[in-house]
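Below is one structure, written out as structure tokens; the observations come after it.
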Amino acid sequence: MTLPVTVEGYLPFDGAAGEVVAALIAATLVSVIIMANAAVAGPWAKRKITAAFTDRIAVSKIGPMGLGYIIVDSVRLLSKELIVPEGVDRPAWDLAPLVLASSAILGFAVIPMGNGIHLADPEVGLALVFATASIASLGLVMAGYASNNKYSFLGGLRAVAQNLAYEIPLLLVGFSVVLFSGSLQMSEIVAVQSQTLVSLGPVSIPAWFAFLNPFAFLLFMIANLAEVGRNPFDLPEAGQEIVAGFQTEYSSVYFVLLYLGEFIHIFLGGAIIATIFLGGPAGPVLPGFIWFLIKIWALFLFTQWCRSIVPRVRIDQLIQIGWKGLLVLAFANLFVTAGIVGVLAA
Amino acid sequence: MSLEQPELDVGERPDGGLDYDALADLLSEYVLDREQHINCEAFVIRPGDVPAVLSTLRDRAGFDHMSCLTAQEYRDRYESIYHLRKYDDPTQELSIVVPTARDDPTSESATDVFDTANWHEREAYDLVGIEYEDHPDLRRILMPETWQGHPLSRDYNQDQPQIVPLREYPNPMDKRTEAPDNADTMFLNIGPHHPATHGVLHLKTILDGEQVLDVDPDIGYLHRCEEQMCQQSTYRHQIMPYPDRWDYLSSGILNEWAYARTAEDLADLEVPEYAQVIRTMSAEMCRIASHLLAVGTFALDIYGDFTAIFMYAVTDREKVEKLLEDLTGQRLMFNYLRLGGVAWDLPEPREEYFENVRSFTEQFRESLTEYHDMLSSNELFQMRVIDTGILPPEEAKRYGCTGPVARGSGIDYDLRRDDPYGYYDELEWDVVTDDGCDNYSRALVRLNEMEQSARIIDQCVDILENWPVDDRRIQSNVPRTLKPDPDKEIYRAVEGAKGELGIYIRADGTERPARFKIRSPSFCNLQSLEVMSEGEYIPDLIAALGSLDIVLGEVDR
């Protein structure tokens, strides 16, 4: 049972109006959950994590453990002047941050978060989530091209090249999971993973696809790093080379939206991995929703870890890794998985 | 020819000295007059003969290093002095003096013989007003395009207002950011405000996609008239604080030593051994601090964002700064060296200071292995920097590269060993070189040099600890007002953090130098960026720039 249906049950009226209102309430609830996570991640967790990696303390003065910076920084960023450079391509330049932020948040519509928090469960769930995540590339190109800045332009070009090179392996690896589950429906993918793989006495290890096919899991993690643009693949905004890439000319609210989009995108990447490889919200003792949060935060930590310790590769090396390495491995993974699944089924 | 007797260049004596008569014979048709400078002899030649003389000296007499060009104006003439030396043995020096008439200060350019002459001659034109014929690109380099007059010439009026009329220059930056008209390439101004230019450097870059077709560094944004300020100050006390501000990123004592060594040789001053040991120790601390920052920011250029390496490097540098602060009372602008010695003795209690230094070097060796783990043996890092930013040794010599940049190209050139000063020749240490010629080698040379510096510091501490109490002379007797004899000229260099840091001084019998010229290693090294980055990707251009380790304060002076 999806969340809108649950909400509708509590409403005093039903019919078409009830469905719309229930859907809106449910969507707002999910968005708030995601935004709250991004708010904690952006101004606070990211700083704390990086600081821990580099022997620093980072934010500590306002609130317990510096948590007050979440509010302080929000106010600071939103109160800054919005500078519109001369010669920007207006509608596109304004739309780009919105496209980036909203496309990432749209993906969460089909993610099961446990405890019944699941907005929609279409049969093409997995394809839908990949499709929405890909819209982000469009936003990057819009931002890079409309800014009328050569650094932005280079950043936009890099973003396209990078996303092309990494989304195909990402999809192929995703499909290899579908071979196991036999369905693109998210609830089905999660359900298949709840079966027991092996039992070691009282402990039973579930058939998470990360355990069934660790190779695919690894490939997906790497491709996902490129997809969300973090080290070693943070080329579209490589600070030392092209200033800030596509986001060079953005300030104030637009800057916040771009960053919000990036963090939500990281969480979306984490949510996809959690759903198709780590059993979704499944886990012992704690409620499913908590497990879901733990999983996406662990994956967020992983991206931040890479950001702190891995050097950035060069654009030609990145393309080479994508087309010559990951794509070939992804195809190999797909064929081998298909073969094994076929033999087992027969 | 047996192995014991390598072939000697013309004018080279078997004992390593120079036979100036033989050199004069080699150049007999050109040499008008011979002068005696303190560091070497100088040949006076006609302005039109410069390329012929320099190429003869380079090809037949082995003078392959044009370390500096000094330009100055006398009452009756202009003079360009080319300071030549050899990469094999920098004690073999020769100056070529080119006088030009006051009413027509034109001299033949040396750019065809030495690429490094390009910027040196532009600077001479900019500041003094000598014009160089056949120079490929003779425009101002340190002052703005719109500047009127040549600041170091005799008739320059400092009070003259610099009016830049709007009618003539609607955009004063026009010439500096002129984009070539070509639809296939992209012109990109990197800097002067850019996260990776390490200061106010402006790179005019022409790109084909992401590949660099041409890069032209535009410098001068941080020109602070350092040479003129030194010319207006007295030898004894007033000049010493300025060197700290050339390479302001913690190589202060190395810079001070360049001035101290030049002025001491000029005025024939003794330096007590004890003071030399202290100088050596503190100079090596500065080298460590400077290299740490170089390696840290280089890692920043490769990794992006704040990385562990940068923070670790800055943490270690902080410890060196603390030791230097205990010694000199300052963290960056030390003003610790004095002509004839150092300002004061080691801090009391001495035992505690020795203990601090020792525990630092011990701990520092451990962190060095950590740097090697994170940088030199990191495969992703290697993938980024090996075989990028190639600087072949021949090119490096033509561009006058010195320091870790030259040693990263396999050129075994270190003034601490080749032209000994201070206490270096009494100590056990090695010159680090690497044959890779790429960004990786330059970083690796810096990492390994820090280890050698730690070795030197350890030995100095041992020596200082056992120094007899009644022989701790920190300064020799130096006259209160120092007036070196008139018409004495000297060029002396020390091994700074970035390379050969040289100073030319001409005395005129007063207590202030008549000409004070700084040969900054960053200035010369930066010219080679063009060779390193052509055909590379933008990230490699940035990496090459980081591996050069320039400080704009020293480039622009």
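This one's a predicted model, so the numbers in the text were calculated from it and none came from an experiment. Note: hydrogens, waters and symmetry copies are ignored here, and every other heavy atom, side chains too, is used.
Heavy atoms of other residues, nucleotides or ligands lying less than 6.0 angstrom from OH of A:Tyr254 number more than 12. With a 6.0 Å radius and a threshold of 12 heavy atoms from other residues, nucleotides or ligands, A:Ile57 has its CD1 atom at or below the threshold. Residue B:Glu325 places its CD atom among more than 12 non-hydrogen atoms of other residues, nucleotides or ligands, all under 6.0 Å distant. A 6.0 Å sphere centred on CE of A:Met221 holds more than 12 heavy atoms belonging to other residues, nucleotides or ligands. Counted within 6.0 Å of CG on A:Leu164, heavy atoms from surrounding residues, nucleotides or ligands total more than 12; the atom is thus considered enclosed. More than 12 heavy atoms of other residues, nucleotides or ligands sit less than 6.0 Å from atom CH2 of A:Trp323.
Contact annotation for B:Phe381: both backbone and side-chain heavy atoms come within less than 4.5 Å of a heavy atom of chain A.
Your options are B:Asn378, B:Ile190, B:Leu188, B:Thr388, and the one with the most heavy-atom pairs under 4.5 Å with chain A is B:Leu188. Note on A:Tyr151, A:Phe53, A:Phe153: by heavy-atom pairs under 4.5 Å with chain B, the leading option is A:Tyr151.
The salt bridge (charged side-chain N to carboxylate O under 4.0 Å, His left out) check on A:Glu262 picks up A:Arg230, with sequence neighbours excluded.
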> Could you go step by step and tell me if B:Met186 and A:Leu154 meet the side chain to side chain contact (heavy atoms under 4.5 Å, CB included) rule?
Replying inline: CA-CA 11 Å; B:Met186 179 159 97; A:Leu154 283 173; 3.8 Å; yes
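Interface residues of residues 531-542 of chain B toward chain A, defined by a heavy-atom distance below 4.5 Å and sorted by number: B:Tyr537, B:Ile538, B:Pro539, B:Asp540, B:Ile542.
Contact between B:Arg384 and A:Arg312 at its shortest, heavy atoms only, is NH1-O, 2.9 Å. Closest heavy-atom contact between B:Met383 and A:Val313: CE-CG1, 3.7 Å.
A salt bridge is absent between B:Glu210 and A:Arg314: the closest approach of a Lys/Arg side-chain nitrogen to an acidic carboxylate oxygen does not fall below 4.0 angstrom.
In this structure, A:Asp316 CG and B:Gln211 CD are separated by 8.0 Å, a value rounded to the nearest 0.5 Å.
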